[in-house]
Amino acid sequence: TGQDLPVQELPLPSEFAWGTATAAYQVEGGAFRDGKGDSIWDTYSHLEPSRTNGENADVTCNHYELMLEDVDLMSQFDVDVYRFSISWSRIIPLGGRNDPINEKGIAFYDSLINKLIERNIEPVVTLYHWDTPQRIYDRYGAFLNTTEFEADFKHYAHLCFTRFGDRVKKWITFNEPYITSIFAHLNGTLAPGHCREKGTDTKTEPWRVGHTIILSHASVVEMYASTFQPLQKGSISIVLNGHFYEPHDANSQQDIDAAQRRMEFYIGWFGDPVFLGQDYPAAMREYLGDRLPGFSAEERELLRRTCKINAFYGMNHYSTKYARQLTDPPAYDDWTSNVEESAINSEGVEIGPPSAAQWLRVAPEGFRKLLNWVWKRYRLPIIVTENGCPCIGEKDVEVAVNDQFRQRYVGLYLDSISRAINEDGVKVEGWYVWSFLDNYEWAAGYGPRYGIVHIDFDTLKRTPKNSAWYLKRSLKTRRGRSA
Ligand code: GBH
């Protein structure tokens, strides 16, 4: 599985971009500062703290106040790129298209962007990383009302392009629509935890949420291309996450099919409409029937007009799993598509060594295969917009600094990118580590730490881990090695 290999420091193209990534709710803090409105995460983390490890991100890294120092710190690692997200309710507190704008919120992102540019770091901006304005959810259920959501999101995006588009040249509309659809609307472990409320329908709602995201993405892409791109000359796309799936029994055709189907349910769900302008994958129609919404003729036209405008495939990727066809599937099966997932295959072989997160194992070969799978299906240059892992015992700064486990993980995953580029002919343009700082890991609170910088959440002291210096060196070496 490649897990026993040493890190080889294989070459990467000289123009390959290396960056770090964060998301607003996870790092900013200042949750109720300077006129910011509540988001569904402010509500969710306070309503029933047991859902979030008893913790919230009211303060978290306090990046809201320490941002200038944070960018100075980041620039010591020689990064090319910083990917961050804008908190919608910080700049439009009530979220809607007729609601007032908060200039103080805009000023925060203005100074962040200016500071990055001063440090020669390219800002890559995500418009939506899970923190829906609470009022939008209260008014009409956010994603559950396609027309309303699309109009409000478009207005918000228009504001961002207008105010920041002179300096921001790479835009991401949505982070991981699969997670918003499934984790927030089916199993309810992420805000708004909608399916925990009465009168919800988990049979159809996750798929309706996905539908809204796809259409909202497409109409924002069209608006950017027609109204902003001619002058601003930036690019736009979406970020999809997904594991790679290996068959549980490599000799079973059923398991081979199950692994393929699992990836279509994870990635093809969004990728086929967004990047190919097509309907949902056939396997989804087959399994979900009319629980899956259809695209009207007009919507199909929108997808066809916009699919080629997406300039890159944004990939968040962490790990690989085994997929097994269920022989005795439940009466209806919402999201696994009759697939059982595991970390151990039919011969007892583990997919890779475990990290500090139960779902995340070190599996660089699967990453290489996923890069190939995505390239073959969508033929778009890939930017790895998130990749990284949490190590065991990292609360303790002494332990965290010596993060050999992370250095090995990122080293092996970068080798996989090198092989995908140089041996397989896949186009990969950049890699952003998740994450710049230890931060608020959603339902897991401050438990798992993904940062290349340690945070003491009592004092807010920042301490770079050795992986930060390793990555600085490694990217220099690898890019120097390519002819
Ligand atoms: C990304 O999500 C997010 O974009 C980022 O904000 C986050 O901090 C980062 O990854 C690290 O998790 O315990 O089996 O129910 C990745 C998708 C969705 C993966 C929730 C972990 C829980 C799996 N994540 N999932 S499980």
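When a residue number appears, it is its place in the shown sequence, counting from 1. For ligands, and for the atoms within them, numbers begin at 1 and follow the listed sequence.
- For K472, the NZ atom sits in a packed shell: over 12 heavy atoms of surrounding residues, nucleotides or ligands are nearer than 6.0 Å.
- Ionic pairing of E69 and R462 is not present here: no N-O contact between side-chain nitrogen and carboxylate oxygen is shorter than 4.0 angstrom.
- Taking K369 as the reference, E246 meet the salt bridge (Lys or Arg N to Asp or Glu O under 4.0 Å) condition, with sequence neighbours excluded.
- We find that D272 and R377 are joined by a salt bridge, their nearest charged nitrogen and carboxylate oxygen being less than 4.0 Å apart.
- A side-chain donor-acceptor contact under 3.5 Å links D456 to the backbone of D458.
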Inventory of protein N or O atoms under 3.5 Å from ligand 1 N or O:
{"unit_1": "ligand 1", "atom_1": "2 (O)", "unit_2": "E176", "atom_2": "OE1", "d": "2.9"}
{"unit_1": "ligand 1", "atom_1": "2 (O)", "unit_2": "E176", "atom_2": "OE2", "d": "3.3"}
{"unit_1": "ligand 1", "atom_1": "4 (O)", "unit_2": "H129", "atom_2": "NE2", "d": "3.3"}
{"unit_1": "ligand 1", "atom_1": "4 (O)", "unit_2": "N175", "atom_2": "ND2", "d": "3.0"}
{"unit_1": "ligand 1", "atom_1": "4 (O)", "unit_2": "E176", "atom_2": "OE1", "d": "3.4"}
{"unit_1": "ligand 1", "atom_1": "4 (O)", "unit_2": "E176", "atom_2": "OE2", "d": "3.3"}
{"unit_1": "ligand 1", "atom_1": "4 (O)", "unit_2": "E386", "atom_2": "OE1", "d": "3.1"}
{"unit_1": "ligand 1", "atom_1": "4 (O)", "unit_2": "E386", "atom_2": "OE2", "d": "2.9"}
{"unit_1": "ligand 1", "atom_1": "6 (O)", "unit_2": "Q26", "atom_2": "OE1", "d": "2.8"}
{"unit_1": "ligand 1", "atom_1": "6 (O)", "unit_2": "H129", "atom_2": "NE2", "d": "2.9"}
{"unit_1": "ligand 1", "atom_1": "6 (O)", "unit_2": "W442", "atom_2": "NE1", "d": "2.9"}
{"unit_1": "ligand 1", "atom_1": "8 (O)", "unit_2": "Q26", "atom_2": "NE2", "d": "2.9"}
{"unit_1": "ligand 1", "atom_1": "8 (O)", "unit_2": "W434", "atom_2": "NE1", "d": "3.2"}
{"unit_1": "ligand 1", "atom_1": "8 (O)", "unit_2": "E441", "atom_2": "OE1", "d": "2.6"}
{"unit_1": "ligand 1", "atom_1": "10 (O)", "unit_2": "Y318", "atom_2": "OH", "d": "3.2"}
{"unit_1": "ligand 1", "atom_1": "10 (O)", "unit_2": "E386", "atom_2": "OE1", "d": "3.3"}
{"unit_1": "ligand 1", "atom_1": "12 (O)", "unit_2": "E441", "atom_2": "OE2", "d": "2.5"}

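- Using modelled atom types, one side-chain atom of S355 and one backbone atom of A357 make a donor-acceptor pair closer than 3.5 Å.
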